[in-house]
Amino acid sequence: MKIAVIGSNNVDLISYIHRMPELGETIEAPDFRLGCGGKGANQAVAAARLGSEVLMVTRVGNDIFAENTIENFRANGIDDKYILRTEATSGVAPIFVDEKSNNSIIIVKGANALLSREDLENAREDIAQCQLIVLQLEISLETVYAVVELGEELGIPVLLNPAPATPELSLERVKGVEFIVPNETELSLLSGMPVESLDDISNAAHVLLNVGIKNVIVTLGARGVLWISQEDERLIEASKVDAKDTTGAGDAFIGCFSHSWMKNGDIAEAIRVANVYAGDSVTRLGTQTSYATAAEFEERTGERV
């Protein structure tokens, strides 16, 4: 049960604020945290903490952040053979979290943008030993397309998290993925359709289905998750929690979904458990620091993964 996560790592620079400043305004933030993040790394860590064997393919920079990032992967039991050093800055993500736990994020790709088709080819033999490939958009689009092609060549299902979403993504070139997991905003951008109501979201998701993608899983925050395939459509409710920090909740969901689906092959059950796991993560501050191990998750929620 091995997952290849091909994508990004970042250093999260998290400021906890009362409100966003106006243009030209300077305000004081009451708290700050520095942590390891990036959508790829977050999803890899969540899956690894739950018990999956994870191979990470990514690039770090040549700055003070790189060694800490590599050590973090090792500490979480993630295979670091293809965590590649680059003559560039590491990726960083300044994050702002307000008192209602809403967040705004700026992504600086840095070394992540240099992950290439050649890097994939060098890792091909090890990727071929995996049963699922997890992918995001914090690397170059040409590398994203190369990952999808590689998955098809090797017969390995691919989960694409189209974040941060871009209208430049070619749905035609990613139509071979098994799962696409956008949030509402990302779905609207990819489909060109409104997402005001559940009917709107369903119609927008069918745009992706009609391209050829097998499963569209739309994360809706407190409303839960809408899963649509050619055969089925289900709204799976979110667990109700007292949210303190929603940063990284989507990545927690994907990491847990990947682990659970690999383990039991049941999409609906994997979504249900991943909803609970993501809900648990938002009750604590931080990104990866909020992700539970399998034992912690069972102790807090009674759920086994």
Side-chain angles (χ1 to χ4, degrees), residues 1 3-5 39 43 46-47 52 130-137 144-145 147-163 165 169-239 249-279 305:
M1 196 172 69
I3 299 170
V5 179
K39 289 187 175 298
Q43 293 163 19
S52 282
C130 298
Q131 289 74 52
L132 176 67
I133 296 172
V134 177
L135 174 66
Q136 321 79 33
L137 298 186
V144 168
Y145 301 144
V147 174
V148 176
E149 292 169 13
L150 181 61
E152 291 178 315
E153 291 172 15
L154 297 174
I156 302 172
V158 176
L159 182 156
L160 172 62
N161 173 215
L169 179 72
S170 167
L171 293 178
E172 183 66 25
R173 297 187 69 179
V174 299
K175 66 182 181 181
V177 303
E178 184 78 20
F179 304 101
I180 190 166
V181 189
N183 63 22
E184 295 157 271
T185 303
E186 293 152 1
L187 177 64
S188 180
L189 189 59
L190 294 175
S191 66
M193 297 181 67
V195 291
E196 297 302 318
S197 67
L198 284 177
D199 284 343
D200 288 341
I201 293 167
S202 176
N203 292 333
H206 274 91
V207 172
L208 278 58
L209 280 180
N210 292 338
V211 172
I213 295 170
K214 294 179 182 177
N215 296 278
V216 182
I217 300 172
V218 189
T219 56
L220 305 174
R223 288 190 289 174
V225 174
L226 185 66
W227 165 42
I228 303 179
S229 68
Q230 294 292 0
E231 300 80 27
D232 204 352
E233 180 167 336
R234 303 190 203 181
L235 177 64
I236 299 165
E237 293 185 356
S239 53
D251 297 331
F253 175 88
I254 289 172
C256 184
F257 172 84
S258 300
H259 169 81
S260 300
W261 181 72
M262 288 280 294
K263 190 172 182 179
N264 58 38
D266 186 327
I267 296 174
E269 175 62 11
I271 291 173
R272 187 194 68 79
V273 173
N275 260 341
V276 179
Y277 187 79
V305 289

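Predicted model only: the values in this text are computed from it and were never measured. Computation of the quantities below employed the complete heavy-atom set of this structure, encompassing side-chain atoms and omitting hydrogens, waters and symmetry-equivalent molecules.
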Sidechain-backbone polar pair: Asn215 side chain, Glu178 backbone, donor-acceptor under 3.5 Å: yes

Nearest-0.5 Å distance, CG of residue Asp199 to CG of residue Asn203: 6.5 Å

From OG (Ser191) to CG (Asp200), nearest 0.5 Å: 9.5 Å

Shortest non-hydrogen contact between Ala278 and Ala252, atoms and distance: CA-CB, 4.2 Å

Partner of Leu226 under side-chain contact (heavy atoms from CB on, under 4.5 Å), chosen from Leu187, Thr219, Leu235: Leu235

Donor-acceptor pair, side chain of Ser202 and main chain of Leu198, under 3.5 angstrom: no

Distance in Å, Met1 CE paired with His259 NE2, rounded so as to fall on 0.5 Å steps: 4.5 Å

Test side-chain contact (heavy atoms from CB on, under 4.5 Å) applied to Val216 and Leu190, Leu209, Ile201, the passing residue: Leu209

Show me the donor-acceptor pairs, under 3.5 Å and distance only, between side chains in residues 150-163 and residues at least two apart or in other chains.
{"unit_1": "Glu153", "atom_1": "OE1", "unit_2": "Arg124", "atom_2": "NH2", "d": "2.7"}
{"unit_1": "Asn161", "atom_1": "OD1", "unit_2": "Gln43", "atom_2": "NE2", "d": "3.2"}
{"unit_1": "Asn161", "atom_1": "ND2", "unit_2": "Val181", "atom_2": "O", "d": "2.9"}

Shortest non-hydrogen separation from Val225 to Phe253 and the atoms involved: CG2-CE1, 3.7 Å

Within residues 173-215 or reaching into it, pairs that qualify as ring pair (Phe, Tyr, Trp, His ring centres under 6.0 Å) - sequence neighbours excluded: Phe179-Phe257, Phe179-Trp261

Closest non-hydrogen atom pair between Ala205 and Ile228, with its separation: CB-CD1, 3.6 Å

Nearest-0.5 Å distance that lies between atom CD1 in Ile3 and atom OG in Ser52: 3.5 Å

Minimal non-hydrogen separation, Gly221 against Ala238, with atom names: O-CB, 3.6 Å

Nearest atoms (heavy-atom pairs only) where Ile267 meets Trp227: CG2-CE2, 3.6 Å

Point-to-point distance, once rounded to the nearest 0.5 Å, from CD of Glu231 to NZ of Lys214: 10.0 Å

Where Met193 and Val207 come nearest, the two heavy atoms and their spacing: SD-CG2, 3.3 Å

Heavy-atom check, side chain of Val305 versus side chain of Ser260, under 4.5 Å: yes

Interatomic distance, Met262 atom CE to Cys130 atom SG [nearest 0.5 angstrom]: 8.0 Å

Glu237 vs Asn275 side-chain heavy atoms within contact, under 4.5 Å: no

Val5 side chain reached by Gln136 side chain, heavy atoms, under 4.5 Å: yes

